[in-house]
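Position 1 is the first residue of the sequence; numbering continues from there.
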Amino acid sequence: MKGVNSAPGDYIYFKSQVPLHKIPIGTKQWRYYDFGPKAVPPLICLPGTAGTADVCYKQIMSLSMKGYRVISVDIPRVWNHHEWIQAFEKFLDAIDVHHIHIYGTSLGGFLAQLFAQHRPRRVRSLILSNTFLDTRSFSAAMPWAPIVSWTPSFLLKRYVLTGIRDGPHEPFIADSVDFVVSQVETLSREDLASRLTLTADAASVGPLLLTDSFITIMDTNDYSAIPQQLKDEVSERYPGARRAQLKTGGDFPFLSRPDEVNLHLQLHLRRVGVEARPDLVPGIPKGGSGGSSSEENEKKDPEDPANDEDPANDDRGSSDNPLAESQLPHAPESSQSHSLGDQLVSNAIVCHFSNVHMMVYLHSGFLKNQHTIPTETVMRLCAEIFALHLLSFYVGSLYISLNCNRRVGQVV
C-alpha cells in the first residue's frame, strides 16, 4: 500500500466545502455529512466496518450537484442490532427526516436491511452492495468476539485491515484501499470494537415489506471481503431486485468506480420516484442540468432499459421551486477520479509578472478562482534551477580537466 497520509485533492476540496456535523443523541455521538436540496428525500449512505462518513464523499459531491440530497453517516457505538435500530431512528428524528432511501455496503447493507425490516414505513428503497443476510459465518470466524471490547486498538485495526485484499491492484482500486486504510486509522478502539461486535452478533434479516422492485443489488464481480456465497444469498432473497453488476471495483467501488456507482444510484432514485432538483443548485440554469446536452434526451423514458447505459440521461430534473441553501461548487478531480462525463479539464495560463505576484488563472468548467504565487517563490525556484545548471557545467569541466591531465601524464 502507498502512504496513507496524502489525501486526494478532491477530498481536500470536499472537506473545505462540506461541513461535518457532530450531534449527541442520548449516549450516542453521530458524525455525518448532509448536503443537497432539503426538499428532496435523502439518500443515506451507510459504510462498512472499515468505513466512515467520509468514504462516500464522491457520491456527495456528484449527486448533490445533480439535485439530490445525500447524507453519509458513521455507524455509532452500538453493541447489538436492536440498539442500532433504535439509535438510527432517533437520529432520523433529530435531523427531521422521515422517509429515506439507503445505500449500504457490507456491514452497512446488513444494518440497512435490519432497519427496513423493523421500521418499514421509513425506508422507501434500498441499494445493497457487497453485503449479507446473516452473521453466522462471521461469528464462526471470530471466536474471540466476547472479549472484543477489551482488545487493544492495534489488534482490532490489524484484524480489520487483514480483511482488505492487499495488491496488486488496478491504480484506482489501490487508491481506494489507501483511502480506506487512512480512515481506519482515525477510528477509536471503541468504534472498531462496536462494529466488529455488530458483525459477529447473532442476527439475520427477516422478510421485508419492501417489494423487490424497490431494491437494487450492486455487487462487484472481481473480489470483496464478503464471500460470494453470502452475496448470492442476497440475490436469491430478492429475486425481483434490479441488478447492477460492476466488473471491477474491489471492496470499495464507491471510491474506485465512483462514476459507475453514481450512475446506478441515480437510475435507482429515478426509478423509485425521487425527483432531483437541479434548479435548487446554484450555477445550473433552470430547466436543465450540467450533464444533458440535447432535448432528445429529455424525451427518453427513464424506465426504458436502453437508457440505463447512457450517463447523459441521468442529470435531468424539474425547475419549479426557488433557490435553496448554498450547495457544493464543482470540485476539482483528484488523480483517483476518472469521470465518464463530468471530468475536469483545466488549462493553466501564466499571465503577467508584477512586483508583487505572478497570477495563474485556472480556467475550467468548474473553477473560476484565481490563485497567486509570490514572486519570491518564483525567484527562488529560478535561482535553484540556475544553480543546478552551474553545478552540471562545473562537474563537466572538472571531468574534462581530469581527463586531459591523465592523458598528459600518460604521454610524459
Side-chain angles (χ1 to χ4, degrees), residues 1-5 20 22 24-32 45-56 72-88 90-91 104-115 129-167 176-205 223-227 229-231 250-252 255:
M1 296 180 184
K2 296 184 297 185
V4 299
N5 293 325
L20 172 64
K22 296 180 181 180
I25 303 175
T27 59
K28 307 293 182 295
Q29 180 78 17
W30 285 86
R31 179 180 177 275
Y32 68 100
C45 301
L46 296 179
T49 305
T52 64
D54 299 67
V55 298
C56 288
S72 183
V73 304
D74 268 4
I75 299 175
R77 295 175 191 171
V78 293
W79 301 94
N80 58 68
H81 302 101
H82 180 68
E83 187 180 3
W84 152 254
I85 294 167
Q86 290 185 328
F88 190 49
K90 290 179 180 178
F91 168 72
T105 65
S106 189
L107 175 62
F110 176 69
L111 297 178
Q113 294 174 85
L114 286 179
F115 189 77
S129 180
N130 294 337
T131 190
F132 49 92
L133 292 174
D134 61 64
T135 60
R136 285 175 297 178
S137 60
F138 302 105
S139 301
M142 283 184 60
W144 50 280
I147 61 169
V148 68
S149 59
W150 299 315
T151 306
S153 176
F154 75 93
L155 289 178
L156 296 177
K157 290 181 179 178
R158 180 181 298 176
Y159 181 81
V160 170
L161 293 178
T162 54
I164 303 175
R165 179 176 173 179
D166 188 15
S176 71
V177 170
D178 290 338
F179 185 82
V180 172
V181 170
S182 70
Q183 293 300 305
V184 171
E185 294 298 327
T186 67
L187 296 174
S188 67
R189 183 182 68 85
E190 291 78 10
D191 292 329
L192 293 167
S194 166
R195 298 178 186 195
L196 291 174
T197 300
L198 290 176
T199 303
D201 188 28
S204 61
V205 177
Y223 57 84
S224 71
I226 306 300
Q229 178 185 354
L230 299 184
K231 295 194 289 185
D251 288 298
F252 317 111
L255 288 168

* Asked: CG of L46 to SG of C56: how many Å apart, nearest 0.5 Å?
  -> 8.5 Å
* Asked: Counting N and O atoms only, with roles assigned by atom type, does the side chain of S204 sit under 3.5 Å from a partner on the main chain of D134, one being a donor and the other an acceptor?
  -> no
* Show the numbers, then the answer: is there a side chain to side chain contact (heavy atoms under 4.5 Å, CB included) between T135 and T199? => CA-CA 6 Å; T135 60; T199 303; 5.7 Å; no
* **Steps toward side chain to side chain contact (heavy atoms under 4.5 Å, CB included) verdict (R77, R195)** => CA-CA 8 Å; R77 295 175 191 171; R195 298 178 186 195; over 6 Å; no
* Evaluate the side-chain hydrogen bond (donor to acceptor under 3.5 Å, both in side chains) criterion for residues S194 and D191: first the C-alpha distance (whole Å), next the side-chain angles of each, then the deciding distance (0.1 Å), finally the verdict. => CA-CA 5 Å; S194 166; D191 292 329; over 6 Å; no
* Asked: Quick one: does H81's side chain have a donor or acceptor within less than 3.5 Å of a partner on L111's backbone?
  -> no
* For the ring pair (Phe, Tyr, Trp, His ring centres under 6.0 Å) test, which of W84, F138, F115, F132 pairs with F110? -> F132
* Determine, stepwise, if the pair R189 / T151 fulfils side-chain hydrogen bond (donor to acceptor under 3.5 Å, both in side chains). => CA-CA 8 Å; R189 183 182 68 85; T151 306; over 6 Å; no
* **Shortest non-hydrogen contact from L255 toward V180** => CD1-CG2, 3.7 Å
* Without swapping roles, check the side chain of D251 against the backbone of A225 for a donor-acceptor pair under 3.5 Å. => yes
* S153 OG to R158 CZ distance, which is reported to the nearest 0.5 Å -> 11.5 Å
* Whether T131 side chain and S106 backbone form a donor-acceptor pair below 3.5 Å -> yes
* For A193 and V148, which heavy atoms make the closest approach, and how far apart are they? -> CB-O, 3.7 Å
* To do: Carefully, step by step, assess S137 and L230 under the rule side chain to side chain contact (heavy atoms under 4.5 Å, CB included).
  => CA-CA 9 Å; S137 60; L230 299 184; 3.4 Å; yes
* **Side chain T52, main chain Q183, donor-acceptor under 3.5 Å** => no
* Under 3.5 Å: donor-acceptor pair, side chain of S139, backbone of A200 -> yes
* Asked: Which value, rounded to the nearest 0.5 Å, describes the distance between D54 atom CG and C45 atom SG?
  -> 12.0 Å
* Criterion side chain to side chain contact (heavy atoms under 4.5 Å, CB included) on K231 and S224, from CA distance to verdict -> CA-CA 10 Å; K231 295 194 289 185; S224 71; 3.4 Å; yes
* Looking at CG of L187 and NZ of K157, how far apart are the two atoms once the value is rounded to the nearest 0.5 Å? -> 7.5 Å
* To do: Locate the shortest heavy-atom distance separating L196 from T49; write the atom from each residue and the value.
  => CD2-CG2, 4.1 Å
* Between Y32 and F91, does the ring centroid distance fall short of 6.0 Å? -> yes
* First locate atom NE2 of H82, then atom CG of L114, and finally report the distance between them rounded to the nearest 0.5 Å. => 12.0 Å
* Donor-acceptor contact present, side-chain N130 to main-chain T105, <3.5 Å -> no
* Close aromatic pair by centroid cut-off 6.0 Å: Y159 and W144 -> yes
* NZ-CG distance between K22 and D74, expressed to the nearest 0.5 angstrom -> 9.5 Å
* What are the two closest non-hydrogen atoms of V78 and A87, and how far apart are they? -> CG1-CB, 4.1 Å
* If you look at every heavy atom in F179 and V55, which pair is closest and at what distance? -> CE2-CA, 3.9 Å
* To do: Taking all heavy atoms of I25 and all of W30, pick out the closest pair and write down the distance.
  => CD1-CD1, 3.7 Å
